A.B. asks: 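Here it is, the structure in full.
One-based numbering along the sequence shown. This structure is a prediction, so every number in the text was calculated from the model and none was measured.
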Amino acid sequence: MHPTAALILWSSAVIAVQYLAYPPLAAFAVLLSVQLGVLRVWLGFVYRARWLLLTLWLILAYNTPGEAYADLVWAPTYEGIAEASLHAVRLLVVLGCLSWLLVRLGRDGMLAGLWGALAPARACGLDSERLLVRLALVLERLQAPPEKGAWRRLLHTTPDFAVGSAVVRLEYPAWRARDAWPVLLACLLLLGVALT
């Protein structure tokens, strides 16, 4: 699959997930988890996002108006629990979509896909090369997990801007007719969500 087609498919899946209920979300999750290598990366993302998931759930559960759970004053509302749980599941599926994209393309493939997706912006005068170089540096930096307490050291020292690759190499494969199928699937997915 062409990197740009994969990126378009991923983008439409992330948008569509925001409008799905539990049964389609479960089907989506099963479809993602059977892909080779995705489950391991996905579980890593879920582990890293555990505090975000908990915070999201608590904020939505306690700030959605409705009837208090078991008539307890300090408890979240039934409506809040339902809304928070649905959004947490949606975030989990989005993390699964990101896992699929990373396993499918890798860092270099993501950069190539973004290069292709930004082609119309380059025609309008946007400097997408700078964006790609910065994204490449960020992705390179994220390859290795930070040491414990690295954020404190970062606050007290001058950052070393010389760290990172001096050259970003980009391989952009030619677009073939079969690469149009994922884009067509993405359009149908968004159309299906829009009509429901």
A.B. asks: Using 0.5 Å steps for rounding, measure from the CG atom of Leu92 to the CG atom of Leu32.
C.D. replies: 11.5 Å
A.B. asks: Just wondering, do Pro173 and His2 contact through their side chains at under 4.5 Å, heavy atoms?
C.D. replies: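 With C-beta onward as the side chain, the pair touches.
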A.B. asks: Checking Trp100 side chain against Ser33 main chain: does a donor-acceptor pair fall under 3.5 Å?
C.D. replies: no
A.B. asks: Report yes or no: is the cationic atom of Arg104 (NZ for Lys, CZ for Arg) under 6.0 Å from the centre of the six-membered ring of Trp10, at an angle within 45° of the ring normal?
C.D. replies: no
A.B. asks: Does NZ or CZ of Arg50 lie under 6.0 Å from the centre of the six-membered ring of Tyr47, at an angle within 45° of the ring axis?
C.D. replies: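 Cation-pi check for Arg50 and Tyr47: passes.
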A.B. asks: Give, for atom CG of Leu189 and atom CG of Leu20, the distance between the pair rounded to the nearest 0.5 Å.
C.D. replies: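 It comes to 7.5 Å.
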A.B. asks: Take atom CG in Leu36; do more than 12 heavy atoms of anything else shown fall under 6.0 Å from it?
C.D. replies: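 Open.
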A.B. asks: Taking Thr77 for the side chain and Ala68 for the main chain, is one N or O donor matched with an acceptor at less than 3.5 Å?
C.D. replies: no
A.B. asks: Of all heavy-atom pairs between Val193 and Ala16, which one has the smallest distance, and what is that distance?
C.D. replies: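 Where Val193 meets Ala16 most closely, the heavy atoms are CG2-CB, 3.5 Å.
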A.B. asks: If you round to the nearest 0.5 Å, how far is CG of Leu114 from CG of Leu131?
C.D. replies: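 Answer rounded to 0.5 Å: 5.5 Å.
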A.B. asks: Is there a side-chain contact between Val103 and Gln35 (heavy atoms, below 4.5 Å)?
C.D. replies: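 No, side chains not in contact.
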A.B. asks: Strictly distance-based, threshold 3.5 Å: is any side-chain N or O of Thr4 a donor or acceptor partner for the main-chain N or O of Gly113?
C.D. replies: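 Yes.
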A.B. asks: Can you find a pair of side-chain heavy atoms, one from Val94 and one from Arg90, that are under 4.5 Å apart?
C.D. replies: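 Val94 does not reach Arg90 side chain to side chain.
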A.B. asks: Would a distance-only check, ignoring hydrogens and angles, find a side-chain to backbone donor-acceptor pair under 3.5 Å from Ser12 to Leu9?
C.D. replies: yes
A.B. asks: Do the side chain of Asn63 and the main chain of Leu60 share a donor and acceptor less than 3.5 angstrom apart?
C.D. replies: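 Not confirmed, Asn63 side chain does not pair with Leu60 backbone.
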A.B. asks: Got a donor-acceptor contact below 3.5 angstrom from the Tyr78 side chain to the Ala70 backbone?
C.D. replies: yes
A.B. asks: With a 4.5 Å cut-off on side-chain heavy-atom distances among I, L, V, M, F, W and Y, is there a chain of contacts connecting Leu126 to Leu132?
C.D. replies: no
A.B. asks: Below 4.5 Å, heavy atoms only, C-beta onward: do Arg130 and Asp127 meet side chain to side chain?
C.D. replies: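 SC-SC contact between Arg130 and Asp127 confirmed.
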A.B. asks: Indicate the atoms forming the closest heavy-atom contact of Tyr22 with Ala82, along with that distance.
C.D. replies: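 Scanning both residues, the minimum pair turns out to be OH-O, 3.9 Å.
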A.B. asks: I'd like to check Leu102 versus Phe45 (side-chain heavy atoms, cut-off strictly below 4.5 Å). Are they in contact?
C.D. replies: yes
A.B. asks: So how far is it from Leu190 CG to Leu195 CG, rounded to the nearest 0.5 Å?
C.D. replies: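 Here the interatomic distance stands at 11.0 Å.
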A.B. asks: State whether a side-chain donor-acceptor pair under 3.5 Å links Trp57 with Ser85.
C.D. replies: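 Result is yes, a qualifying pair exists.
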A.B. asks: Is Arg122 atom CZ crowded by more than 12 heavy atoms from other residues, nucleotides or ligands, each under 6.0 Å away?
C.D. replies: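 Counting other residues, nucleotides and ligands, CZ of Arg122 exceeds 12 neighbours.
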A.B. asks: Is there side-chain contact between Leu56 and His87, with heavy atoms separated by less than 4.5 Å?
C.D. replies: yes
A.B. asks: For the pair Tyr62 (side chain) and Trp74 (backbone), establish whether a donor and an acceptor sit closer than 3.5 Å, ignoring hydrogens and angles.
C.D. replies: yes
A.B. asks: Do Trp115 and Pro3 have side chains that approach each other closer than 4.5 Å (heavy atoms only, starting at C-beta)?
C.D. replies: no
A.B. asks: Which value, rounded to the nearest 0.5 Å, describes the distance between Leu53 atom CG and Leu95 atom CG?
C.D. replies: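 The distance works out to 6.5 Å.
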